[in-house]
Amino acid sequence: MENSTVNYRKIFNDIIEKKYPHKKEICQPILDKPKLTVMDIDRLNKLIFEPNKEMKVANQKLKSYNEESILKILQYQKTYELNNTELAAHFKLSRNTVTKWKKLYPL
């Protein structure tokens, strides 16, 4: 099986060009980054689609994080001296997820 990756940059550029050209200016700094992270993709989703409450809940359930993003989130916790509950609320995660990540990736 071939290892394929999703070209989020192209997807978001196409969406902005076809449906939301007025949002290009606010999204361009993120799209110009050399590498898009999970957090960048989440930010673009918020900037472009302005999801309603139901969409937010559905999108949150479908999120997945790579090791790099998890480590950045855990480093954020350390930098800003947040407890697990505060970190979970800030990134809209479950406290159980944060606890699991801290066991898997001790800093």
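- Residues H90 and Y76 bring their aromatic ring centres within 6.0 Å.
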Practice task
Determine, stepwise, if the pair N83 / Q77 fulfils side chain to side chain donor-acceptor pair (under 3.5 Å).
Solution key: CA-CA 7 Å; N83 63 36; Q77 179 182 28; over 6 Å; no
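- Taken from CG in L104 to CD in E67, the straight-line distance is 9.5 Å, to the nearest 0.5 Å.
- Pairs engaging residues 20-33 under the side-chain hydrogen bond (donor to acceptor under 3.5 Å, both in side chains) rule: K23-E50, Q28-D32, K33-D40 [sequence neighbours left out].
- Using modelled atom types, no side-chain atom of R95 and backbone atom of A89 make a donor-acceptor pair closer than 3.5 Å.
- Listed by chain and residue number, Q75 satisfy the side chain to side chain contact (heavy atoms under 4.5 Å, CB included) test with T79 (two or more places apart in sequence, or in another chain).
- Considering CG of L87 and CH2 of W101, their distance stands at 8.0 Å, rounded to 0.5 Å.
- In terms of the ring-ring contact (aromatic ring centres under 6.0 Å, His included) criterion, Y105 has no residue partners (sequence neighbours excluded).
- Side-chain atoms of D42 do not come within 3.5 Å of backbone N or O of V38 as any donor-acceptor pair.
- Contact check for I48 versus C27: side-chain heavy atoms found under the 4.5 Å cut-off.
- D14 is linked by a side chain to side chain contact (heavy atoms under 4.5 Å, CB included) to K10, counting only residues two or more places apart in sequence or in another chain.
- Residues forming a side chain to side chain donor-acceptor pair (under 3.5 Å) with K100 (at least two apart in sequence, or on another chain): none.
- You'll find the side chain of F12 reaches within 4.5 Å of the side chain of I41, heavy atoms only.
- Applying the side chain to side chain contact (heavy atoms under 4.5 Å, CB included) criterion to K72, with sequence neighbours excluded, gives T37, E68.
- Inter-residue side-chain proximity for V98 and F91 is flagged as unmet; no heavy-atom pair is nearer than 4.5 Å.
- Nearest heavy atom pair, residue E81 against residue E86, reads O-OE1, 4.2 Å.
- Y65 places a side-chain heavy atom less than 4.5 Å from the side chain of L93.
- Closest of all the heavy-atom pairs between L44 and L31 is CD1-CD2, 3.8 Å.
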